[in-house]
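Here is the structure we will look at.
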4 protein chains.
Amino acid sequence: MPTRPVTQPSRRSIGAQRNPETRDAVLDAAEQVLTERGLSGFTIEAVARAARAGKPTIYKWWGSKAALLLEVYDRNKIAEFHPNTGSVRRDVAGLLVNLMDHWEGSSAGPVFRSIVAEAQANADARHALDAYLQDLSRYIALMIGRGIPRGELPPEADCTLMAEMISALALQRLLSGRSLSVKEAGLTADTLLAGFTQPA
Amino acid sequence: MPTRPVTQPSRRSIGAQRNPETRDAVLDAAEQVLTERGLSGFTIEAVARAARAGKPTIYKWWGSKAALLLEVYDRNKIAEFHPNTGSVRRDVAGLLVNLMDHWEGSSAGPVFRSIVAEAQANADARHALDAYLQDLSRYIALMIGRGIPRGELPPEADCTLMAEMISALALQRLLSGRSLSVKEAGLTADTLLAGFTQPA
Amino acid sequence: MPTRPVTQPSRRSIGAQRNPETRDAVLDAAEQVLTERGLSGFTIEAVARAARAGKPTIYKWWGSKAALLLEVYDRNKIAEFHPNTGSVRRDVAGLLVNLMDHWEGSSAGPVFRSIVAEAQANADARHALDAYLQDLSRYIALMIGRGIPRGELPPEADCTLMAEMISALALQRLLSGRSLSVKEAGLTADTLLAGFTQPA
Amino acid sequence: MPTRPVTQPSRRSIGAQRNPETRDAVLDAAEQVLTERGLSGFTIEAVARAARAGKPTIYKWWGSKAALLLEVYDRNKIAEFHPNTGSVRRDVAGLLVNLMDHWEGSSAGPVFRSIVAEAQANADARHALDAYLQDLSRYIALMIGRGIPRGELPPEADCTLMAEMISALALQRLLSGRSLSVKEAGLTADTLLAGFTQPA
DNA sequence: GCGTAAACGAGACGGTACGTCGCGTCTTAGG
DNA sequence: CCTAAGACGCGACGTACCGTCTCGTTTACGC
């Protein structure tokens, strides 16, 4: 004799196809749980409860905590980190500020930190993290590269490594819980570009 | 019915004082477990089993997984990251290589990555991580600063930020699982110092 | 995205009427699953998979595991338990042997044991079991009653109770997993009829 | 960050030894759950909740639902089924009445029926059931055997088979949910002993 | 020199979460 | 209206660890 739920469930199957409402409810719930209770409170059970979804449904579509985390992060990725002020120095400083604001001013920061944590125990998450960080670096490198035709940087400048140092600095601050001031962002740009351009 | 162990335990109390053998056995076991089974296999139960120690003993002296992790890492810290070749450029490149070798060539890497992961859920670990990273940056800043009296860097160079970018790059590579080649280490030094010195 | 099955399904609807092929396929599959995987492996899901049928189809036509079980058992009921040798003693012994052979030599035994198990948690199944056992007893009582006009039993003999003891003995052996030898069947008849007839 | 229970648990460990309070609490809870919610509501989770015990504790000491069930039944076994009235006929009738009363008038009946059900899917439970039923038969056989020296039964009477038919009749009635009246108990004794003794 | 106190191993305990299975219901899409 | 298919909410499964607790033993130290 199976158990009959006392209250009607809020969502039902819509037939032999994935229910997008469920998908959204789970992602919303995951983001909320992560924000409110932190990484250690981020359990599949808690997400399922908050989403009024069944655990098997979550495992069916996401398969692991890391996969869920990544999709939550993807949903929250901002489209435009890279300002275009016509000055590499201002662009770099602005990007650093934008990135830190994005991480600290929304749920993106806790989510991303959770992905980094997960990546230390889970190879799939690690590869996803690596891919994401490389994407970010490429993004930044393109932004820096715009300075070459403008003469702000010499053609031989290694934009890729400069970009990686920028993302790494932001990551390190995020992970260790120290914020980055606007002034520091400016100084970082100055320091990094000192060899090529003059301080503003 | 009290349990009669079939085999005699390997260690006993030595009276009303902490047993240093137990301390060492626990730290050794923790390092071994972490290395062999990874962060997800690093549980207090596993450490206790491997150390033939009781769980309460571990909780008494370390209090949390993070504390144990930190002490394991402290034990493995290397004394000398900073070469002194007389050239800032070579020093920076050498330090990057040393640091990555230290992380990848011993159990220090997995241990440190575990601390970073733990720090994303645990404020104590986060503060410890921050303190450690700032120590590391100061260390590197001192190394870079030696170039100022030698004329390799102008007095106004922001050694602290440069140092932080170096440690951040290494950290990012460690966390995302990409190693750093000797060539990249050299290029990093070149890129960072481009404004002040000439490539070797 | 609706699923596109790689292989064409074996059966389709035949329009607005029950498909007898489906009925047979489900009953066959149920019997097979029960025989091969036992009562604990007998799940609606397993039957549906084995029959290539949808779960709702099964629920529509049978409504519960017990109902399915009962129909499987009905299909396998033997028509003729009661031998007619002209001797009550031989008839009783023969019936016991026939019944145990039927249960142990086909899928009827596991199916019936499953019904008994189901009946302990499910009132419908319990009533069905009771009805079946009373039928069986009546059957046996009629067989025994044939001895009265022949003078093997006195008119006042309680054929119903004797019949019930016979079916009960067989049931107990079935449920506890002990088989009943031919010799024991004969002894049972002797013991039961000792008061009325002489041993053969 | 592990969860701290808000309320203090009612029972704690008493050291590296089994806590008899826990044992009793689990058995009490198991009996209560089985009685109140029936076999289908008898889940390890429900027992654990009712006993305020952890599931792992139950699995550690009982290992399976069947084992728990058997221990609950053992605890409730009555010591004395077999009356001794000096008359086999009255003894048999009395025992049947006692047995049915025991099953129907306490939690022993539901518990025993659950064991029978479990035994149809679980070999361990089946062997335990078989052993229990054989014990019961031996018990009854001894009772019947007392009639031989008194001359109520001839020495060649097969007490074992008679005993088994008695227990089987009671079992069949229990399992199919039909009670056995005092009158039927008397008739059963009469029928079984008709060959040897005269009705009372 | 002897009792006390602390450290230790062991492991039981109440819990939470894990990831999986089956339940019974629902909707779709196709005959 | 029937069918196959399968998503869904739900809850139980049996397991792994968590962090706490008590036990009995062993030793150093203070009275």
Side-chain angles (χ1 to χ4, degrees), chain A residues 1-5 8-19 22 43-46 48 51-61 63-65, chain B residues 2-3 5 8-19 22 43-46 48 52-61 63-65, chain C residues 2-3 5 9-19 22 43-46 48 51-60 63-65, chain D residues 2-5 8-19 22 43-46 48 51-61 63-65:
Chain A
M1 190 186 338
T3 304
R4 304 294 167 86
Q8 285 307 310
S10 45
R11 267 188 325 279
R12 285 291 195 174
S13 165
I14 57 167
Q17 56 184 314
R18 184 168 184 183
N19 187 341
T22 293
T43 65
I44 298 289
E45 298 237 352
R52 294 193 63 73
K55 277 199 294 175
T57 302
I58 297 182
Y59 281 107
K60 178 176 189 61
W61 296 112
S64 75
K65 194 183 292 197
Chain B
T3 305
Q8 283 307 309
S10 45
R11 262 187 332 279
R12 282 293 193 174
S13 166
I14 57 168
Q17 57 181 320
R18 185 168 184 185
N19 187 341
T22 293
T43 66
I44 298 289
E45 298 238 351
R52 294 192 64 72
K55 280 199 291 175
T57 302
I58 297 181
Y59 280 107
K60 178 176 188 63
W61 297 112
S64 76
K65 193 187 292 199
Chain C
T3 303
S10 46
R11 265 187 329 277
R12 281 292 193 178
S13 167
I14 56 170
Q17 56 181 315
R18 183 170 184 183
N19 186 340
T22 294
T43 66
I44 298 289
E45 299 239 352
R52 295 192 63 73
K55 281 199 291 174
T57 303
I58 297 181
Y59 280 108
K60 179 176 187 61
S64 76
K65 191 187 294 200
Chain D
T3 305
R4 305 292 167 88
Q8 287 307 311
S10 47
R11 265 188 327 276
R12 286 288 195 177
S13 166
I14 56 168
Q17 56 183 314
R18 184 170 186 182
N19 187 340
T22 293
T43 65
I44 298 288
E45 298 236 352
R52 294 193 65 71
K55 277 199 293 173
T57 301
I58 297 181
Y59 280 108
K60 178 175 190 60
W61 296 111
S64 75
K65 195 183 292 199

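Note that the coordinates shown come from a computational prediction; the quantities given were computed from them, not determined experimentally.
Summarising the geometry, atom CD1 belonging to C:I58 is positioned 10.0 Å from atom OG1 belonging to C:T22; distances are rounded to the nearest 0.5 Å. Taken to the nearest 0.5 Å, the CZ atom of B:R18 stands 9.5 Å off from the OG1 atom of B:T57. Distance check: A:R12 CZ to A:I14 CD1 gives 13.5 Å after rounding to the nearest 0.5 Å.
A straight line from CG of A:N19 to C1' of E:dT27 spans 10 Å, rounded to a whole angstrom. Atom CD1 of D:I58 is separated from atom P of E:dA12 by 15 Å (rounded to the nearest Å).
Considering only side-chain atoms of D:T22, the nucleotide from E:dA7, F:dC8, E:dG14 that sits closest is E:dG14.
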With 3.5 Å as the limit, what N/O pairs link the protein to nucleotides 18-22 of chain E?
| residue | atom | partner | partner atom | Å |
| --- | --- | --- | --- | --- |
| E:dC18 | OP1 | A:I44 | N | 2.8 |
| E:dC18 | OP2 | A:I44 | N | 3.2 |
| E:dC18 | OP2 | A:E45 | N | 2.8 |
| E:dG19 | OP2 | A:Y59 | OH | 2.2 |
| E:dG19 | O5' | A:Y59 | OH | 3.2 |
| E:dG19 | N7 | A:K55 | NZ | 3.0 |
| E:dG19 | O6 | A:K55 | NZ | 2.7 |

Show each protein N/O and nucleotides 28-31 of chain F N/O combination with a separation under 3.5 Å, one pair to a line.
none

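Partners of A:K65 according to the side-chain hydrogen bond (donor to acceptor under 3.5 Å, both in side chains) rule, which considers only residues two or more places apart in sequence or in another chain, do not exist here. Checked against side-chain hydrogen bond (donor to acceptor under 3.5 Å, both in side chains), D:S13 has no partners two or more places apart in sequence or in another chain. Partners of A:E45 under the side-chain hydrogen bond (donor to acceptor under 3.5 Å, both in side chains) rule, at least two apart in sequence or in another chain, are A:K55.
Under a 3.5 Å cut-off, the side chain of A:R11 and the backbone N or O of A:R52 do form a donor-acceptor pair.
Taking only side-chain nitrogens and oxygens, D:R18 never comes nearer than 4.0 Å to OP1 or OP2 of E:dG11. OP1 or OP2 of E:dG14 lies within a sub-4.0 Å distance of a side-chain N or O belonging to D:T57. In this model, the phosphate group of F:dA7 is not approached by any side-chain N or O of A:R11 to a distance below 4.0 Å at OP1 or OP2. The phosphate of E:dA12 has neither OP1 nor OP2 within less than 4.0 Å of any side-chain N or O from D:W61.
A:A48 comes within contact range of no nucleotide atom at all, as no heavy-atom separation falls under 4.0 Å.
For D:A53 and B:G54, each mapped to the nucleotide of DNA chain E holding its nearest heavy atom, the one lying further toward the 5' end belongs to B:G54. Ranked by how close their nearest DNA chain F nucleotide is to the 5' end, A:K60 and D:S64 are led by A:K60.
Taking all atoms of both residues into account, the shortest heavy-atom contact from C:G54 to C:A48 is C-CB, 4.4 Å.
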